[in-house]
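Scroll down for the structure; my scribbles are underneath it.
Chain A is the first sequence line, chain B the second, and so forth, proteins listed ahead of strands; every chain is numbered from 1.
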Amino acid sequence: QKEVEQNSGPLSVPEGAIASLNCTYSDRGSQSFFWYRQYSGKSPELIMFIYSNGDKEDGRFTAQLNKASQYVSLLIRDSQPSDSATYLCAVMGDTGNQFYFGTGTSLTVIP
Amino acid sequence: GAVVSQHPSRVICKSGTSVKIECRSLDFQATTMFWYRQFPKQSLMLMATSNEGSKATYEQGVEKDKFLINHASLTLSTLTVTSAHPEDSSFYICSARDRLAGGYNEQFFGPGTRLTVL
C-alpha cells in the first residue's frame, strides 16, 4: 500500500473555529486527492477533491494541495458540532486503479 | 449522486463457513470496483481492485484464495470470504467508479457490511 499519513488526533476545536487537517503522501505520481468524512459505523462520504496545486474552496471547506511538498490539507471554517467525525485523506495514483486512504484524523467540535 | 448498495449489511457466521458480499452500482455502470476492509478505529485498507471481466488485482498481503472477488458485470462485484475465521471479522466496504464520469474519478461507496465470525 502506498503511504498516506495523517495525524490521528484527536483534534478538538471549539464551535465556530477553524479546523485544520493535514495529510502527506509518498507517491509522487499521485494525481488526485480526496477528503472524506466518516461517521462511526458508516462508510465514507466525499467532502471534496483536488488535483491542481493551490486552494479549492467549497462552502466552509477549503482544500489545499502542494505537490512539490506532497502535502494536502483541509480547512473547515465555522466548525459545527455536526462536523465531528473522522476525516480521511485519500490519494489516487496515476493509473486511476490505485486508491489509498490515510489513517484518518478524529475531529471533535465542542459546542 | 450515484448509489452503491451492499448486501448483506450485517452477517454473523460460524468459523469455517464462507460468506458472500454483493456490491451493486444501482444507477451507473462501474468498470472498476474496489474492496476495502476496516478494523475498529483504523482506516480503510484497500484489499483489491476489481475490473469487469478480468481478474482482480490484490494488494500485497491479501490472500486471493481466501478473498474471492468476481466482477461479472458492469453493475455487480462480489467478495466471498472463504473459510472465515474470527480474525476476518471486520467492516467490509466496496466502492465503484462511474465508467462515464471521467475527470477526477470519484468513487462512490457502499454502506458497508459488518462481518462477525464466531
Side-chain angles (χ1 to χ4, degrees), chain A residues 1-10 21-27 29-52 56 58 63 65 72 85-108, chain B residues 1-7 9-10 21 23 30-52 54-62 71 90-99 101-116:
Chain A
Q1 300 246 351
K2 303 294 184 180
E3 290 187 5
V4 181
E5 299 288 341
Q6 295 179 250
N7 290 329
S8 62
L21 305 163
N22 304 314
C23 174
T24 59
Y25 58 95
S26 63
D27 184 7
S30 301
Q31 295 294 317
S32 306
F33 308 86
F34 303 78
W35 282 100
Y36 287 85
R37 177 171 58 195
Q38 186 179 27
Y39 295 108
S40 180
K42 303 293 185 182
S43 61
E45 53 187 33
L46 181 69
I47 298 173
M48 63 189 305
F49 65 92
I50 186 169
Y51 49 84
S52 297
K56 180 180 179 181
D58 184 359
L65 175 62
V72 59
T86 296
Y87 288 80
L88 301 167
C89 168
V91 174
M92 176 169 282
D94 53 3
T95 66
N97 276 343
Q98 306 134 315
F99 198 86
Y100 300 106
F101 281 87
T103 48
T105 299
S106 175
L107 172 67
T108 300
Chain B
V3 179
V4 175
S5 70
Q6 273 184 250
H7 178 80
S9 58
R10 183 180 295 269
I21 303 170
C23 177
T31 48
T32 304
M33 289 184 171
F34 302 83
W35 286 96
Y36 297 87
R37 178 169 53 183
Q38 186 176 35
F39 293 106
K41 299 193 182 302
Q42 294 187 24
S43 188
L44 281 74
M45 296 297 293
L46 179 64
M47 299 176 67
T49 302
S50 168
N51 291 298
E52 184 265 338
S54 63
K55 290 183 179 180
T57 301
Y58 289 81
E59 293 295 303
Q60 192 172 9
V62 178
H71 193 159
S90 187
F91 191 44
Y92 291 86
I93 306 173
C94 74
S95 69
R97 194 162 69 212
D98 189 339
R99 180 175 70 94
Y104 56 85
N105 289 315
E106 179 184 353
Q107 293 191 28
F108 301 97
F109 284 85
T113 296
R114 176 76 58 190
L115 170 63
T116 302

(request) State, to 0.1 Å, how close Tyr100(A) and Glu59(B) come at their nearest heavy-atom pair, and which atoms those are. (result) OH-OE1, 3.1 Å
(request) Give the minimum heavy-atom separation between Pro111(B) and Ser43(A), together with the two atoms involved. (result) CA-OG, 3.6 Å
(request) Pick one of side chain, backbone, both or neither for Gln6(B), based on which atoms fall under 4.5 Å of a heavy atom in chain A. (result) neither
(request) Just jot down the ring pair (Phe, Tyr, Trp, His ring centres under 6.0 Å) partners of Phe33(A), sequence neighbours excluded, or say none. (result) Tyr25(A)
(message) Would you say that more than 12 heavy atoms from the other residues, nucleotides or ligands in this model lie under 6.0 Å from the NZ of Lys42(A), or not?
(response) no
(message) In the structure I gave you, are the side-chain heavy atoms of Ile93(B) and Pro44(A) within less than 4.5 Å of one another anywhere?
(response) yes
(message) Shorter than 4.5 Å, heavy atoms on both sides: which option in Thr103(A), Thr86(A), Ile50(A) has the most such pairs with chain B?
(response) Thr103(A)
(message) So which residue, Gly102(A), Gly104(A), Ser106(A), Ser40(A), ends up with the most heavy-atom pairs under 4.5 Å with chain B?
(response) Gly102(A)
(request) Please find out if less than 6.0 Å separates the ring center of Phe109(B) from that of Phe101(A). (result) yes
(request) Using side-chain hydrogen bond (donor to acceptor under 3.5 Å, both in side chains) as the criterion, list what pairs up with Trp35(A), not counting sequence neighbours. (result) none
(request) Let me know if Gln6(A) has heavy atoms under 4.5 Å from chain B in its side chain, its backbone, both or neither. (result) neither
